[in-house]
Amino acid sequence: MEKNLEEIFQSRIDREEKIEPKDWMPDDYRKTLIRQISQHAHSEIVGMLPEGNWITRAPTLKRKVGLMAKVQDEAGHGLYLYSAAETLGVDRDTLFEQLHSGKAKYSSIFNYPTVTWADIGAIGWLVDGAAIMNQVPLCRCSYGPYARAMVRVCKEESFHQRQGFEILLSLSQGSEEQKRMLQSAVDRWWWPSVMMFGPSDDDSPNSAKSMKWKIKRFSNDDLRQKFVDVCYEQAKVLNVTLPDPDIKWNEERGHYDFGLIDWEEFWQVIKGNGPCNKERLAARNKAWDEGAWVREAAMAHAAKRKERSNKKKVA
Ligand code: BYC
């Protein structure tokens, strides 16, 4: 019986039908989605921290408004994604508990510090650029609520990428000091951004299943390659060099070759030993604890309204 259901399920995926919350699905499909969608949601929420750090120090009103809008969008992305995860039967408090206790993963990239204003531009250009590369294919993910959430997320990510690129373009036309600040931000954010796509395909235990179920449409390495190819050309416009002496065009492959990734650094960051892991978790826990009274007040208000409306119904 189960075997038959699995075959029907796979044939629906193969026909590009969307799977919806109440449809039958293998346990492992559900678990894989909860894992990926919740990690994605956590990344959006933790991703607000390195940028939020610069809202009060943005150099102009226009930059401040743009950055505030971006950070608010990220809160929104987190909320759509938590909602999408909830359709799979997990509740939000459980997901928050996993994040706050350090059990859950979130993107490695948000464990690096934002030391100058140019870092905000580099995050937009590189981090959001990598996010778009990874997330546009997720709009075609087999699970309906995730795919639909990603459509809006990707539209907003495009704006984020452009605001970042535009910050860097302004710096590239500025003083010598601003140009140095730009190059140094690119030097610091390049490799962590390349790592964002996850381990290379041979070391990616989840890829085979996720590709079969059309949760993932491209492998980690294929997306990473597309990212490098696009960025190399964009770096020329910004007049910066990418900090990789081995990056060069390979005529035969039709792609840029690039240097070796420091996987030791990647796994250390994922294990909680990156430059800012502890700071990020502490900030999340503090926000959660300080927000307790708001959640309690909202619940008390909802209970009172419900009680009042029940009384009216009886009368
Ligand atoms: N960081 O088998 P693999 C954003 C983990 S938000 C941390 O290839 P999978 C933005 C992986 O989870 C960016 N962990 O896994 C927000 C797995 O561990 P578990 C977030 C990583 O899932 C605000 C293990 O390594 N984007 O862009 O097939 C401001 C083995 O990996 C990372 C998403 O979440 C990493 N970088 O593929 C600006 C997109 N990479 O779970 C921007 C959705 C891998 O087995 N997620 N790991 O314990 C995905 O597309 C996939 O989950 C990944 C990994 C490509 C990330």
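Start at 1 and go down the list; that is how both ligands and their atoms are numbered.
In terms of protein heavy atoms, atom 1 (N) of ligand 1 is closest to S108 N, 2.8 Å. Counting only heavy atoms of the protein, atom 48 (O) of ligand 1 lies nearest to K105 NZ, 2.5 Å.
Each of E233, Q225, K248 was compared with Y256 under the side-chain hydrogen bond (donor to acceptor under 3.5 Å, both in side chains) criterion, and only E233 meets it. Screening H42, R92, E44 against Y82 for a side-chain hydrogen bond (donor to acceptor under 3.5 Å, both in side chains) leaves a single residue, H42.
Between the side chains of D201 and S204, no donor-acceptor pair is found at a separation under 3.5 Å.
Ring planes of W125 and F165: perpendicular class, angle over 60° (limits at 30 and 60°).
Residue M196 approaches ligand 1 through these ligand atoms, each under 4.0 Å from one of its heavy atoms: 27 (O), 36 (N).
For atom 42 (C) of ligand 1, the nearest protein heavy atom lies closer than 4.0 Å.
With hydrophobic clusters built from ILVMFWY side chains whose heavy atoms lie under 4.5 angstrom apart, I120 shares a cluster with L169.
Distances from atom 51 (C) of ligand 1 to the heavy atoms of H40, Q36, E44 show the closest one on Q36. Scanning F197, Y146, F110, F218 for the heavy atom closest to atom 55 (C) of ligand 1 points to F197.
The shortest N/O to N/O separation between E74 and ligand 1 does not fall below 3.5 Å.
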